[in-house]
Amino acid sequence: FAPWAFIVAVWYAIRASGWVNPALVPAPHAVFERFVELAGDRLGLDMWMSTRRVFTGVTLGVCAAVPVGFCLGWYRGLRSFVDPVINFFRALPPIALIPPVIVYFGIRELAKTGILFYASFFAAVIVMYEGIAQISPIYVRVARTLGATDLEIFAKVIVPLTVPHILTAIRVALGVAWATLVASELIAAQQGLGALIQHASSFFLLESVYVGII
């Protein structure tokens with residue numbers, strides 16, 4: 001609680017210092033009051049739409065990234081072959097794809113899901129294949145020495161060692177997807193937190209902008 005209380009105190013201090021026009025820095029209590037007003041109006045629907053989009057995109061992206069990342073991490077030859085392509089698309093910001101996606105798919109949910117899938121997939125596949133590549137093969141060799149079958153090795157050795165990397169991939173994909181989603185909603189959406197921020201900024205409703213950001 002302490003760091004957040006400190007941030008609010010600094011927020012009030014900046015507003016009271018006179019360094020910045022108070023009209024440009026809404027007070028925390030004014031933001032909270034606006035939050036209460038929006039909670040009874042559109043905020044719930046905006047949060048639901050954004051959360052649903054992120055959940056759909058991340059779920060599809062991670063489900064595709066886990067097997068792909070596993071294959072890239074486990075088979076060095078395949079990883080060496082595909083690595084240049086993965087690095088290219090990893091360096092390509094998902095936000096840069098928003099204009100062509102809108103051109104080809106419009107502003108429907110399919111376009112937003114496609115962008116989120118792209119962002120989640122490449123964020124998660126990098127974490128997966130780098131994590132799998134670091135697994136020591138000694139675990140597999142020991143299991144084979146003890147007479148384990150391929151199925152037993154996969155179920156009792158590989159899967160437990162992979163779970164932490166899957167969880168990390170989900171966490172990374174969620175962060176990337178949220179950042180990408182809000183940017184896409186700023187451009188073309190009628191509902192969602194990004195749309196709330198864009199609508200509020202058009203009318204200089206800074207309290208609503210802060211609510212959307214928070």
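Here the CD atom belonging to Gln198 is positioned 4.0 Å from the OG atom belonging to Ser201, to the nearest 0.5 angstrom.
Between Phe89 and Tyr118, the ring planes lie perpendicular to each other; the angle is over 60°, past the 30° to 60° tilted range.
Linking Ile, Leu, Val, Met, Phe, Trp and Tyr residues whenever their side-chain heavy atoms come within less than 4.5 Å places Leu193 and Phe32 in a single cluster.
For Arg171, there are no side-chain hydrogen bond (donor to acceptor under 3.5 Å, both in side chains) partners, not counting sequence neighbours.
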Mind listing the side-chain donor-acceptor pairs of residues 120-131 below 3.5 Å, one per line with the distance, residues two or more places apart or on another chain?
| from | atom 1 | to | atom 2 | distance (Å) |
| --- | --- | --- | --- | --- |
| Ser120 | OG | Leu116 | O | 2.8 |
| Tyr129 | OH | Asp83 | OD1 | 2.5 |

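The backbone N or O of Ile14 lies less than 3.5 Å from a partner atom in the side chain of Ser17, making a donor-acceptor pair. Using modelled atom types, no side-chain atom of Thr180 and backbone atom of Pro94 make a donor-acceptor pair closer than 3.5 Å.
Sorted by first and then second residue, the pairs that involve residues 205-214 and meet side chain to side chain donor-acceptor pair (under 3.5 Å), not counting sequence neighbours, are Arg34-Ser208. A side chain to side chain donor-acceptor pair (under 3.5 Å) check over residues 53-68, counting only residues at least two apart or in different chains, returns the pairs Arg53-Glu109, Arg53-Glu185. Identified under the side chain to side chain donor-acceptor pair (under 3.5 Å) test for residues 2-11, with sequence neighbours left out: none. Residue pairs meeting the side chain to side chain donor-acceptor pair (under 3.5 Å) criterion with at least one partner in residues 136-148, sequence neighbours excluded, are Arg144-Asp150.
For Ile214, the CD1 atom counts as densely surrounded, since its 6.0 Å shell holds more than 12 non-hydrogen atoms of other residues, nucleotides or ligands.
With contacts defined as side-chain heavy-atom distances shorter than 4.5 Å, the pair Lys112/Phe105 does not qualify.
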